[in-house]
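The sequence lines fix the lettering, A, B, ..., with proteins before strands; numbering per chain opens at 1.
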There are 2 protein chains.
Amino acid sequence: MTTAEPRSVKIVRHDASVPKAMKQSDEADVVELKGAAKTRQAISDAARELFAHEEYANASVRNIASKAGADPALVIRYFGSKEQLFLETVQFEGFFELAMAGPLEGLGERIVSALLSDQRDAGFSAYRAMMRASGSEVIRRRLLEAIHEMFVEPLAPRLKGPDAALRARLVAAQLAGLIDGIAILEDAELAATDRKRLSEVYGAALQGLIQP
Amino acid sequence: MTTAEPRSVKIVRHDASVPKAMKQSDEADVVELKGAAKTRQAISDAARELFAHEEYANASVRNIASKAGADPALVIRYFGSKEQLFLETVQFEGFFELAMAGPLEGLGERIVSALLSDQRDAGFSAYRAMMRASGSEVIRRRLLEAIHEMFVEPLAPRLKGPDAALRARLVAAQLAGLIDGIAILEDAELAATDRKRLSEVYGAALQGLIQP
DNA sequence: GTCTATATCTTGATAGAC
DNA sequence: GTCTATCAAGATATAGAC
């Protein structure tokens, strides 16, 4: 079943496959993967996909290996454990940075809008996967850290008035609640709502905490 | 091939030391349950407790039975399946009704305040349990129904202005995000925040959707 | 480097003795 | 009514042949 054919695949290498040594060049260089590196990448991709759409308990090592066209034993061999594999593959991307970069005026609407356009991408999936796996303390803490890094830390220093840190954290909470409804509970009415309208209405609620 | 060796590790029966005062609930404890009804009740209580604090996959039938001091076979016998047991035990209570009953003025703050005082009760636990088990479509739908019954349906008809139904749904989303932070991710900073201050700040954000 | 084979454990659920 | 005994399936993880 597995490809004994020595075909190589072009991928963009991030820091995921780099153990500990810091790369001097921070450009994402395109490399040709062969052998173990290729297999490892295939496992990583398959894991990201399965963790995103399946339940944590259901995304088994066997299923991941099968989807990757690799052997289950290699999954453990390369990543140590299933939980470690989860932590290395399920990550957020900086898709809020653009929205966050602009002025405080209209920021609430831009954040919601950015979230809604990510619907098929990594943001929703990572949050859903981590919430469903939040019985694990390691994963729970990872998600909490991500929330602080993505929202509270960039946003809090910019907010005027009292309780800036608290308000920044609560903006993140508002967003989390929206993801709960759309991406986790799959609320059909919410998903069917016009994005622009949703961005306006909910964005105004966020804005109420950003500029009280 | 199960263990032919007579191991000493077994399920400890608590018959000799049954904790009579397990729950001090002031409801319906006047009736002494006996036999099957008593066992069923013990299983139900243990399940509610375990589903609330453990991961769904980790709250096994065996663990539930062990905690209830009953036999694992009886769990299935009485409730049919693990999922059915979940649906029969994990339920919301109407703890928002009081807050919802008052005037629209200050409703946001009252809702948040009601939520925060429930911290140890059924509301938080049920939401956390259902979110973590949201890989099951049945459970996912149950939670979505509860959100609509508790929030959208009572609230939407009272809201003035456009998008009343959407705004009511989004108020529920705001609340869900707060529960995510406090009860699921166990954000220490959020939990340590003064309740009154939190009710005021986040309540104002809710109020922005209730009375735009 | 990869995969076959398996060890070990746990799950939900069932059958039948007591 | 309760529990012993067990099933069949599936999980993670490991050892060692190729």
Side-chain angles (χ1 to χ4, degrees), chain A residues 1-9 17 33-44 46-47 50-51 54-88 133 135-136 138-139, chain B residues 1-16 18 33-44 46-47 50-51 54-89 133 135-136 138-139:
Chain A
M1 188 61 172
T2 46
T3 58
E5 180 186 2
R7 189 166 56 95
S8 54
V9 171
S17 61
L33 290 185
K34 301 172 188 171
K38 178 187 166 189
T39 303
R40 190 192 158 96
Q41 185 65 38
I43 291 172
S44 177
L50 273 180
F51 282 135
E54 297 291 327
E55 189 143 18
Y56 180 75
N58 206 351
S60 67
V61 174
R62 279 179 172 77
N63 287 346
I64 291 168
S66 169
K67 189 178 183 68
D71 191 273
L74 294 180
V75 176
I76 303 296
R77 181 173 184 82
Y78 289 155
F79 293 90
S81 71
K82 177 181 172 179
E83 190 176 62
Q84 194 59 34
L85 174 62
F86 184 96
L87 290 173
E88 288 193 28
S136 155
V138 193
I139 294 173
Chain B
M1 307 314 165
T2 46
T3 58
E5 180 188 3
R7 298 178 55 186
S8 60
V9 179
K10 295 186 116 182
I11 295 178
V12 180
R13 293 178 54 183
H14 297 90
D15 287 338
V18 174
L33 294 181
K34 300 172 186 174
K38 180 185 169 190
T39 303
R40 190 191 159 97
Q41 185 64 39
I43 291 172
S44 178
L50 274 181
F51 282 136
E54 297 291 327
E55 189 144 18
Y56 181 75
N58 206 352
S60 65
V61 173
R62 278 176 175 77
N63 287 346
I64 291 168
S66 169
K67 190 178 184 66
D71 192 273
L74 295 181
V75 176
I76 303 297
R77 181 172 184 83
Y78 289 155
F79 293 90
S81 72
K82 178 182 171 179
E83 190 176 61
Q84 194 59 33
L85 173 63
F86 184 97
L87 290 174
E88 287 193 28
T89 53
S136 155
V138 191
I139 295 173

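- Nucleic acid contact class of Phe79(A) (heavy atoms, under 4.0 Å, all strands): none.
- As rounded to whole Å, 17 Å separates atom C1' of dG1(C) from atom CD1 of Ile76(A).
- Computed from coordinates, the Tyr56(B) OH to dT10(C) P distance equals 19 Å when rounded to whole Å.
- Of the candidate nucleotides dT11(C), dC3(D), dC3(C), dC3(D) has the atom lying nearest to any side-chain atom of Leu74(B).
- The distance between atom CG of Asn58(A) and atom P of dG12(C), rounded to the nearest whole Å, is 14 Å.
- Using a 4.0 Å cut-off, some side-chain N or O of Tyr78(B) falls inside it from OP1 or OP2 of dT2(D).
- Judged by distance alone, with hydrogens and angles left aside, Arg77(A) brings no side-chain donor or acceptor close enough to the base of dG1(C) to form a pair under 3.5 Å.
- Between Tyr78(A) and Ser44(A) there is no side-chain heavy-atom pair separated by less than 4.5 Å.
- Once rounded to the nearest 0.5 Å, the distance linking CZ of Phe79(A) with CG of Leu87(A) reads 12.0 Å.
- For Ala73(B), whose side chain is taken as the heavy atoms from C-beta onward, the closest listed nucleotide among dG12(C), dA11(D), dT14(C) is dT14(C).
- When each of dG1(C), dA11(D), dA13(C) is scored by its nearest atom to the side-chain atoms of Ser81(B), the top-ranked nucleotide is dA13(C).
- Asn63(A) has its side chain out of reach of Glu54(A): every pair of non-hydrogen atoms, C-beta onward, lies at least 4.5 Å apart.
- Residue Ser60(A) has no polar side-chain atom (N or O) positioned under 4.0 Å from OP1 or OP2 of dG10(D).
- Nucleotide dC3(D) holds its P atom 15 Å from the CZ atom of Arg62(B), rounded to whole Å.
- Remark: P of dG1(C) and CG of Asp71(A) are 16 Å apart, rounded to the nearest angstrom.
- Whole-Å rounding puts the Lys82(B) NZ to dT14(C) P distance at 15 Å.
- Taking the six-membered ring for Trp and thresholds of 30 and 60 degrees, Phe86(B) and Tyr56(B) have ring planes more than 60 degrees apart, a perpendicular arrangement.
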